Amino acid sequence: MWVDDQYIAFDFETSGTLPEYALQPWRVAHNQAWATSLATVRRTATGPIIGGGLLVAEPFTATARYIRELLTTAIEHKLTLVGWNVAFDISWLLAYGFRELVFKCKFLDGMLLWKHLTVTPEYDIDKAHKKSFSLKDAVREFMSDRGGYEEDIDFHSTAPESLAKLHKYNIQDTAYTLWLTRKFYKQLEAEPTRLKAALIEASCLPLVADANLRGLMLDHAALRTLGETLTADAETSLAALAPYGVTEAVVRSPKQLGGLMYGQWGLPVIKQNTSKKTGKVTNSTDKEVLHELAFIDARARTIREYREALGNKTKFVDAPLESINYNSDGCSHPLANVYSTYTGRMSYSSKQGKNKDERQIGFALHQEKRDPTYRAIVVPPQGYTLVEFDAAGQEYRWMAVASKDDAMLQLCLPGEDPHGYMGAQIAREEYHTLLAALKAGDPAAKPKRQLGKLANLSLGYRTSAAKLRTVARVQYDLPMELPEAEYIKNTYLRTYPGVPRYWAEQIAKVRRLGYAETFAGRQVQVVGTWSGADRWSLESTAINFPIQGTGGDQKYLALAVLRPYVVKHGIQFAWELHDGLYFYIPTKLVDKAIAEMKFLLDNLPYTKAWGFTPPVPMPWDCKVGTSWGNLKEVKV
DNA sequence: CTCCCTTGCGCC
DNA sequence: AAAGGGCGCAAGGGAG
């Protein structure tokens, strides 16, 4: 239960040698950014206690004194530190050198609690305009009499009257944060499982703040090699295409490329895009189109290769290099955002600011290609080894749990091979015959399992046969035709009859309740016109949310359980990729640590944390390496 | 010129 | 009628 004197809210105001450096705490170490004000607020029976102070006029030791006072007070009195988007403020605590104390503290984020209460997926065309969860929006919505207090605040002035005003504003921010967090917390108390899911999630905040502050070390030689390869690839493609009127500008413009291919070359238009807003129809030049056109004109294949080389060079070589160049600490800082998708998953951003003012602080970490030559650019710091734990077959397993499908559940038991099973079904073979052939290295067996894997990964969410055919042809380069795709889809539905049953029952349930929930108790509001244009979208949310959302909750539970172990052994949380968690482990500790961490992960306290016991094991795989590109599976 | 929208595509 | 879901980033094109 919420008890006022167990919480203390805090908030930093920050600045730097450039205004935008105020958002980049890794510049503290280089005197390019600093905190200008720290405010702390507690509620007591006799009134609020306000702490902290103005920092910019103070010597550095005073800043440290205020921070130490906050953290030691919190630790001594077992207070939870409350903030708004608090991972940012935790990064500042860490930037000033208080790692040890920070990791002894509990944190809570009012913004995230608000999300837990209100998040709803966006359905309309206007997807870009998502609800804002800023403190100012919360104040406007819940404390309308206090609105406008943020007007005329200068975050960077050093004039005494401006500074006094800034600090007063900071105290207000902090007080509102505490009031709002308290309100949201009490609201969640009525639904204990939802509150618990939020509290487990909150446990990861200092780990995330630490990772955001530290950033990623990149291997310059690997970046150079990748850049040279992609530049050479692009030049080769361009040399082959230039005689036919292709230039870089043409390939980078769908409109110009369409004009060339369909106008001048006379290739057939096989797919069109219709704008949802204007209804305007354009000729598609996407990779599916190029894949199909390649059968009648080899130039289409080269165009696809050219466009890929250009795009990948920009995204995975130029952007990482630019971020290192920008940050001045030799690192790239893709920023992790907790609970930034409606299912609860994290996302990363690689830029701050918008349009002309954008700054390249990181790169598209979540989009890094799987190819080891791309992933090789990320390396652990000196003396550390990179270790990945990934939740084995995460979505397949949660789909098995959600659908209660007998065959799926059975295939989640130790020693089974779901893709081999599905492959055998498709090939009309006996499961164990295929397993034996796979084990014997029979060359005909592997493609059969591959097809099973494709079916298992693609068909769990109402994918059409046409879409399956496209994925098989374009992604896997399998010459599949529609009848075969239909056969595979039917085989899938026959093999796992619980899955279509789950679809129907889950849709009906969510439609009735108005919300969907994960096995951890995280919810999303799903309301709208179930009979209209939004129907498919609403239904898909109903089906998808428990699977993807539980995966997210599983990741937060894993981080919560690993946190004490990681802190105790000097291990650093590096980043996440939905079902994968990456750590830097001191190299001397690796053997012992991976065994112990895997044990913790394989035995996560689902029942205690969620009040739900998965009916099948939820194992984690472990990979170890000296870069993201050379991770090797380790059997622990 | 800036800003917004659309297309295209990378990962899970 | 038919339709996997979730994101973020790059680039051109067009509106103002």
Side-chain angles (χ1 to χ4, degrees), chain A residues 121-122 125-130 248-258 271-278 280-290 304 307-308 310-316 318-320 334-337 339-351 354-358 360 362-371 374-375 390-391 393-395 399 457-468 470-471 474-475 489 492 499 503 516 524 533-549 551-552 555 575-580:
Chain A
E122 311 282 326
I125 311 162
D126 219 8
K127 223 170 177 170
H129 299 143
K130 286 215 267 189
E248 183 174 328
V250 167
V251 159
R252 286 189 190 275
S253 160
K255 187 176 171 154
Q256 292 181 42
L257 184 57
K271 184 169 142 187
Q272 293 187 308
N273 298 313
T274 308
S275 166
K276 273 191 183 171
K277 224 169 186 169
T278 62
K280 228 175 88 178
V281 178
T282 51
N283 300 327
S284 174
T285 63
D286 71 11
K287 65 195 271 185
E288 181 198 351
V289 167
L290 295 178
R304 185 179 159 190
R307 187 166 61 192
E308 276 179 18
L310 288 174
N312 290 340
K313 168 84 163 29
T314 309
K315 201 182 237 183
F316 300 119
D318 298 345
L335 278 194
N337 305 301
Y339 193 178
S340 85
T341 76
Y342 84 83
T343 55
R345 300 215 294 199
M346 290 195 202
S347 71
Y348 278 82
S349 51
S350 52
K351 283 178 175 166
K354 260 191 159 184
N355 300 323
K356 199 172 164 284
D357 289 329
E358 65 184 19
Q360 190 83 42
F363 64 99
L365 181 68
H366 267 185
Q367 299 159 21
E368 190 73 25
K369 280 176 72 73
R370 289 180 63 91
D371 181 336
Y374 287 81
R375 297 205 165 180
D390 74 285
Q394 190 185 59
E395 291 210 359
M399 180 56 93
L457 295 181
S458 302
L459 293 170
Y461 305 98
R462 304 194 299 179
T463 313
S464 66
K467 179 72 175 171
L468 179 69
T470 302
V471 172
V474 181
Q475 314 289 339
K489 179 169 174 162
Y492 179 93
V499 171
W503 295 343
V524 64
D534 291 342
R535 175 176 168 178
W536 183 266
S537 184
L538 289 161
E539 292 179 350
S540 295
T541 294
I543 292 166
N544 181 50
F545 185 82
I547 312 298
Q548 191 181 109
K555 186 254 315 292
W575 75 91
E576 68 97 51
L577 201 39
H578 305 316
D579 62 345

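Fair warning: this is a prediction, and the values are worked out from it, not measured in the lab. Below, chains carry the letters A, B, ... as their sequence lines are ordered, and counting in each starts from 1.
For the pair A:Glu358 CD and C:dA11 P, the interatomic distance rounds to 10 Å; values are reported in whole Å. In this structure, A:Arg252 places its CZ atom 13 Å from C1' of C:dC9, rounding to the nearest Å. The CG-P distance, from A:Asn544 to C:dG6, rounds to 6 Å in whole Å. Distance CE (A:Met399) to P (C:dG4): 14 Å, rounded to an integer number of Å. Put simply, CD on A:Glu539 is 12 Å from C1' on C:dG4, counting in whole angstrom units. Atom NZ of A:Lys555 is separated from atom C1' of C:dC7 by 12 Å (rounded to the nearest Å). Rounded to whole Å, the distance from CZ on A:Phe545 to C1' on C:dG6 is 12 Å. Atom-to-atom, CZ of A:Arg462 to P of C:dA1 comes out at 16 Å; the value is rounded to the nearest Å.
Ring-to-base geometry does not place A:Tyr461 in a stacked arrangement with C:dG5 (centre distance under 5.5 Å, plane angle under 30° required).
Stretches of at least 3 consecutive Watson-Crick or G-U wobble pairs, with each checked distance under 3.5 Å, appear in DNA chain C as B:1-12 with C:5-16.
Summarising the geometry, atom CD belonging to A:Gln367 is positioned 10.5 Å from atom CG belonging to A:Leu577; distances are rounded to the nearest 0.5 Å. Rounding to the nearest 0.5 Å places CG of A:Leu335 at 9.5 Å from OH of A:Tyr348. A distance of 8.5 Å separates OG1 in A:Thr463 from OH in A:Tyr492, rounded to the nearest 0.5 Å.
For the OP1/OP2 pair of C:dG4 and a distance below 4.0 Å, the side-chain nitrogens and oxygens of A:Ser458 include no atom meeting the criterion. Proximity of A:Lys351 to the phosphate of C:dA10: a side-chain N or O atom is located under 4.0 Å from OP1 or OP2. Proximity of A:Ser464 to the phosphate of C:dG4: a side-chain N or O atom is located under 4.0 Å from OP1 or OP2. Within the structure, a side-chain polar atom (N or O) of A:Ser347 is placed less than 4.0 Å from OP1 or OP2 of C:dG8. For A:Thr314, no side-chain nitrogen or oxygen approaches OP1 or OP2 of C:dA10 to under 4.0 Å. Using a 4.0 Å cut-off, some side-chain N or O of A:Tyr342 falls inside it from OP1 or OP2 of C:dG6.
Using a 4.5 Å heavy-atom cutoff, the side chains of A:Tyr461 and A:Met399 are in contact. For the pair A:Arg304/A:Val474, a side-chain contact is recorded, criterion being any heavy-atom separation below 4.5 Å from C-beta on. Counting heavy atoms from C-beta on, the side chains of A:Asp534 and A:Leu538 come closer than 4.5 Å. Within the 4.5 Å cutoff, no side-chain heavy atoms of A:Asp579 are placed close to those of A:Lys555.
Counting any heavy atom pair closer than 4.0 Å across all strands shown, A:Ala319 reaches sugar-phosphate atoms only and no base atom. Among the atoms of the strands shown, none is found under 4.0 Å from any heavy atom of A:Thr343. As judged by a 4.0 angstrom heavy-atom cut-off over every strand, A:Tyr348 is placed among residues touching the sugar-phosphate backbone only.
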Within the 4.0 Å limit for protein heavy atoms, which parts of nucleotides 7-12 of chain B are touched? Write it as a string from 5' to 3', B for base, S for sugar-phosphate only, - for none.
SSSBSB
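Residues meeting the ring pair (Phe, Tyr, Trp, His ring centres under 6.0 Å) test with A:Trp503, sequence neighbours left out: none.
Exactly one of A:Lys315, A:Glu368, A:Lys351 qualifies for a side chain to side chain contact (heavy atoms under 4.5 Å, CB included) with A:Phe363. That residue is A:Glu368.
Ring orientation note: the planes of A:Tyr342 and A:Phe545 are close to parallel, at an angle under 30° on the 30°/60° scale.
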